[in-house]
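The structure under discussion appears below in the form of structure tokens.
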Amino acid sequence: MVIAGAFWGDEGKGKIISYLALKDKLDVCVRTGSVNAAHTVWFEGKRYALHMVPAAFVYEKCRLLIGAGSNVHVAQFLKEVEETNVKNRIGVDAQASIIEEKHSMQDKTSAHLKGIGTTGWGVGPAIEERVRRTAKLARDIPELKPYLTDVAEETNNAIDADKKVLLEGTQGLMLSLFHGTYPYVTGRDTSAAAICSEVGVGPTRVDEVLIVFKSFMTRVGAGPLPGELTKEEATKRGWFETAAGTGRDRRSAPFNFEIAKKAVKINGATQAALTKLDSVYPQCKGARSFDELPSDAKEFVWEIERQVGIPVVLIGTGPEALDIIDRRK
Ligand code: IMP
Ligand code: MG
């Protein structure tokens with residue numbers, strides 16, 4: 001299964017992945033992308049904002065991997081490995097590239113990139129360096145030696161053995177370098193096909209693409225956001241958020257069906273998750289079955305299914321990994 005975001009990231013992919021890890025007992029979870037994305041996981045009362053470690057770490061038998069197309073921030077990786085206690089079950093592809101302090105400096109000092117409102121981690125400049133073919137790779141870094149593996153090989157072998165494998169995308173379609181709101185995008189394609197490519201899994205090997213929608217949209221950094229609310233209005237509705245990674249204000253807007261449809265199409269999504277339904281319909285908080293939802297919330301879910309043409313199988317009703325309505329058979 002591939003997990004991809006529909007909007008501008010921060011849809012709640014971390015929460016959905018942590019739920020699936022525990023519920024479906026995932027065997028393998030591969031993270032893509034880089035350190036610019038923070039996946040929030042609440043587990044046993046503790047909050048994690050993961051920039052490197054896959055969100056499936058909550059299931060202690062899951063093998064955790066970082067794909068060849070990723071950019072690894074060595075210090076952040078080591079810090080999170082410690083924090084999540086996953087040293088003995090995490091691997092990094094030997095060909096993943098390395099993001100360094102100089103990339104962050106380039107990100108922060110470029111007037112152009114400041115205008116885009118990047119996260120400042122240096123992911124764009126690190127990718128530039130990789131394209132120039134002067135980047136360091138994971139295999140060049142002594143501290144990463146104990147973690148090195150061939151992620152494509154491990155992942156394809158796990159698929160061959162009928163294991164449960166999840167590929168963890170980052171950000172959302174509207175931040176895709178190819179399909180998003182260019183130039184206000186991140187430095188890579190964020191679609192399901194690109195997620196597979198970063199890991200080294202062919203498109204014929206994917207069973208499900210699960211697209212994650214949030215019940216309203218948010219965006220950090222510059223660029224268009226259709227239907228954008230003022231901060232005051234967002235606060236009034238309970239939709240005002242700050243970024244898990246950078247602490248910046250998130251801009252917000254109501255759910256947009258046209259963007260949702262585009263995200264389903266380009267990702268080839270077969271099923272959807274809808275997070276934070278309790279932020280739009282407070283009575284939903286903590287609900288664990290669809291029947292418990294008030295009728296306007298149910299109508300909203302049905303309207304999404306009608307318009308985008310795929311089932312909404314998971315519905316988030318609170319921050320903890322298990323605060324979810326699971327409508328799968
Ligand atoms: P960069 O990816 O740091 O170059 O930033 C480019 C744009 O993508 C900026 O608008 C960032 O705010 C946005 N962005 C990058 N990663 C994330 C994320 O994980 N969540 C939300 N926005 C992100
Ligand atoms: Mg995030």
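All figures in this text were calculated on a predicted structure; none of them were measured in a lab.
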Quiz item: Can you list the other members of the hydrophobic cluster that holds L137, where links are side-chain heavy atoms under 4.5 angstrom apart?
Solution: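 Grouped by the 4.5 Å side-chain rule, L137 forms a cluster of one, so the answer is none.
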Is a side-chain N or O of [X] found less than 3.5 angstrom from the main chain of [Y], in a donor-acceptor match?
X: K15; Y: E320; value: yes
X: R47; Y: T40; value: no
X: D107; Y: G122; value: yes
X: E305; Y: V312; value: yes
X: K13; Y: A55; value: no
X: R219; Y: A222; value: yes
X: R251; Y: G221; value: yes

Exercise. Only counting residues at least two apart or in another chain, list the ones meeting side-chain contact (heavy atoms from CB on, under 4.5 Å) with K261.
Key: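 In terms of side-chain contact (heavy atoms from CB on, under 4.5 Å), with neighbours along the sequence ignored, K261 is linked to E258, Q307, V308.
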Quiz item: Who pairs with F178 by side-chain contact (heavy atoms from CB on, under 4.5 Å), at least two apart in sequence or on another chain?
Solution: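 Here the qualifying residues are S176, D189.
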Quiz item: Is it the case that K214 places NZ or CZ above or below the six-membered ring of F216, under 6.0 angstrom from the centre and within 45 degrees of the axis?
Solution: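 Yes - K214 lies over the ring of F216, closer than 6.0 Å to its centre and within 45° of its axis.
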What distance do [X] atom [atom1] and [Y] atom [atom2] have between them, rounded to the nearest 0.5 Å?
X: L229; Y: W239; atom1: CG; atom2: CH2; value: 6.0 Å
X: D93; Y: E154; atom1: CG; atom2: CD; value: 9.5 Å
X: R139; Y: L144; atom1: CZ; atom2: CG; value: 13.0 Å

Hey, can you pull the donor-acceptor pairs under 3.5 Å for the side chains in residues 27-39, sequence neighbours left out?
residue, atom, partner, partner atom, Å
D27, OD2, K164, N, 2.8
R31, NH1, L50, O, 3.0
R31, NH2, S34, O, 3.0
R31, NH2, A37, O, 3.0
R31, NH2, H51, O, 3.3
T32, OG1, E168, O, 2.8
S34, OG, N71, O, 2.7
N36, OD1, Q171, NE2, 3.2
N36, ND2, T186, OG1, 3.3
H39, ND1, E168, OE2, 2.6

Exercise. Might you work through the side chain to side chain contact (heavy atoms under 4.5 Å, CB included) test for F43 and S18, ending with a clear yes or no?
Key: CA-CA 8 Å; F43 182 59; S18 58; over 6 Å; no
Quiz item: Can you check ring-ring contact (aromatic ring centres under 6.0 Å, His included) on F213 and F255, steps first, answer last?
Solution: CA-CA 9 Å; F213 298 126; F255 190 93; 5.6 Å; yes
Quiz item: What residues form a side-chain hydrogen bond (donor to acceptor under 3.5 Å, both in side chains) with E292, not counting sequence neighbours?
Solution: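 Testing E292 for side-chain hydrogen bond (donor to acceptor under 3.5 Å, both in side chains), a comparison that skips the adjacent residues, returns S289.
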Self-check item: By side-chain hydrogen bond (donor to acceptor under 3.5 Å, both in side chains) - contacts of D24 (at least two apart)
Solution: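 Listed in chain order: R328.
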Practice problem: Check the side chains of T218 and D10 for a donor-acceptor pair under 3.5 angstrom, ignoring hydrogens and angles. | Solution: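 No, T218 and D10 have no side-chain donor paired with an acceptor closer than 3.5 Å.
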